[in-house]
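Worksheet: one structure, shown below.
Treat the numbers as computed from the prediction; the structure is a model and nothing was measured.
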Amino acid sequence: SAQQNETLYKLCKKYDLFLWEDRKFNDIANTFNHQIKSYESIRDYVSVCPISGVDILQVKSNLKYFVLIEMSSRNNFINNISNELYQCVFDELKNNNNNIAGIICQSSSYIKQDIITIKPGINAKNKRDNVGQTYNNLHDLQDKPTLIVVGRGLTNAENPKEEIKLYKY
């Protein structure tokens, strides 16, 4: 509910946490602009997938954008165009696009600028699920991202408080 979202956001602010709406918005700029308005007072970041073109990254908002350029799922199509997506983001950063806060990617070794890198698909115990998700073990990574996305590694754990210790690096 709207009240729950407001309460959650206020708690995050109180404890100096950021709140990320990970919906991977990917529509045309005008539609995206309308979609994110409802999040501007209850989130800090949204994820954006610019497959609709660079215009989506140029929408002005008080939200910051984590831009999806690579995914952790098997056989996805995004990874096939990740170089073009990265170039699009890089060009926007050169043009001082202050809404772009980070890049969601599988490898950060080819990223040549100082920007937050976020790696989804981290799981200490599983390598994949039965619907296409592939996982990496954090400690096997060659290049360490700024942030990791663990997800089901914690939410499905019998003891999340103990499980989270497996993800410290």
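Within the model, atoms CD1 of Ile116 and CZ of Phe66 stand 5.0 Å from one another, a figure rounded to the nearest 0.5 Å. Atom-to-atom distance recorded for Ile81:CD1 and Asn79:CG is 9.5 Å, nearest 0.5 angstrom. If you take CG on Asn33 and CG on Asp27, they are separated by 11.5 Å, rounding to the nearest 0.5 Å. Phe25 CZ to Leu63 CG: the interatomic distance, rounded to the nearest 0.5 Å, is 8.5 Å. Summarising the geometry, atom CD belonging to Gln133 is positioned 10.5 Å from atom CG belonging to Asn126; distances are rounded to the nearest 0.5 Å. Rounded to the nearest 0.5 angstrom, Asn76 CG and Gln106 CD are separated by 8.5 Å.
Counted within 6.0 Å of NZ on Lys60, heavy atoms from surrounding residues, nucleotides or ligands total more than 12; the atom is thus considered enclosed. Residue Ile28 places its CD1 atom among more than 12 non-hydrogen atoms of other residues, nucleotides or ligands, all under 6.0 Å distant. Counting heavy-atom neighbours within 6.0 Å of Asp114 CG, excluding the residue itself, gives a total of 12 or less.
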Side chain to side chain contact (heavy atoms under 4.5 Å, CB included) evaluation trace for Tyr135 with Lys125:
CA-CA 9 Å; Tyr135 296 110; Lys125 296 183 177 171; over 6 Å; no
Residues Asp22, Ser47; criterion side chain to side chain contact (heavy atoms under 4.5 Å, CB included); working and verdict:
CA-CA 5 Å; Asp22 189 20; Ser47 56; 2.7 Å; yes
Take Val149 and Trp20, measure what side chain to side chain contact (heavy atoms under 4.5 Å, CB included) needs, and give me the verdict at the end.
CA-CA 11 Å; Val149 179; Trp20 169 14; 4.0 Å; yes
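Salt bridge annotation for Lys13-Asp44: present, with a cationic side-chain nitrogen under 4.0 angstrom from a carboxylate oxygen. Comment: Lys119 does not engage Glu70 in a salt bridge, judged by the lack of any side-chain N to carboxylate O separation of less than 4.0 angstrom.
Thr134 is not listed as a side-chain neighbour of Ser73, based on a closest heavy-atom distance of 4.5 Å or more. Proximity of Ile69 to Ile104: side-chain heavy atoms (C-beta onward) are nowhere separated by under 4.5 Å. Annotation: side chain of Asn98 is in contact with side chain of Lys64 (closest heavy-atom distance under 4.5 Å). Under the 4.5 Å side-chain criterion, counting only non-hydrogen atoms from C-beta, Ile103 is in contact with Val89. Between Val54 and Asp91, every side-chain heavy-atom pair lies at or beyond the 4.5 Å cut-off. No side-chain heavy atom of Val67 sits less than 4.5 Å from a side-chain heavy atom of Tyr86. Using a 4.5 Å heavy-atom threshold, the side chains of Ile78 and Cys49 count as touching. Within the 4.5 Å cutoff, no side-chain heavy atoms of Asn123 are placed close to those of Val150.
Looking at Asp129, its side chain does come within 3.5 Å of a backbone N or O of Gly132 through a donor-acceptor pair. Lys144 places a side-chain N or O within donor-acceptor distance of the main-chain N or O of Leu138, the cut-off being under 3.5 Å.
Using modelled atom types, one finds a donor on one side chain and an acceptor on the other under 3.5 Å when comparing Glu40 with Ser61. Using a 3.5 Å distance cut-off with no hydrogens or angles, the side chains of Arg43 and Asn5 do pair a donor with an acceptor. Remark: the Ser107 side chain and the Asp143 side chain contain an N/O donor-acceptor pair separated by less than 3.5 Å. Of the N and O atoms on the side chains of Asn26 and Ser52, not one donor lies less than 3.5 Å from an acceptor on the other residue.
Both Ile115 and Leu147 are assigned to one and the same hydrophobic cluster, defined by single-linkage of ILVMFWY side chains at heavy-atom distances under 4.5 Å.
Applying side-chain contact (heavy atoms from CB on, under 4.5 Å) to Cys88 and the options Leu57, Asn83, Ile56, Leu93 leaves one that passes, Leu57.
The six-membered or imidazole ring of Tyr65 lies away from that of Tyr45, with a centre-to-centre distance of 6.0 Å or more.
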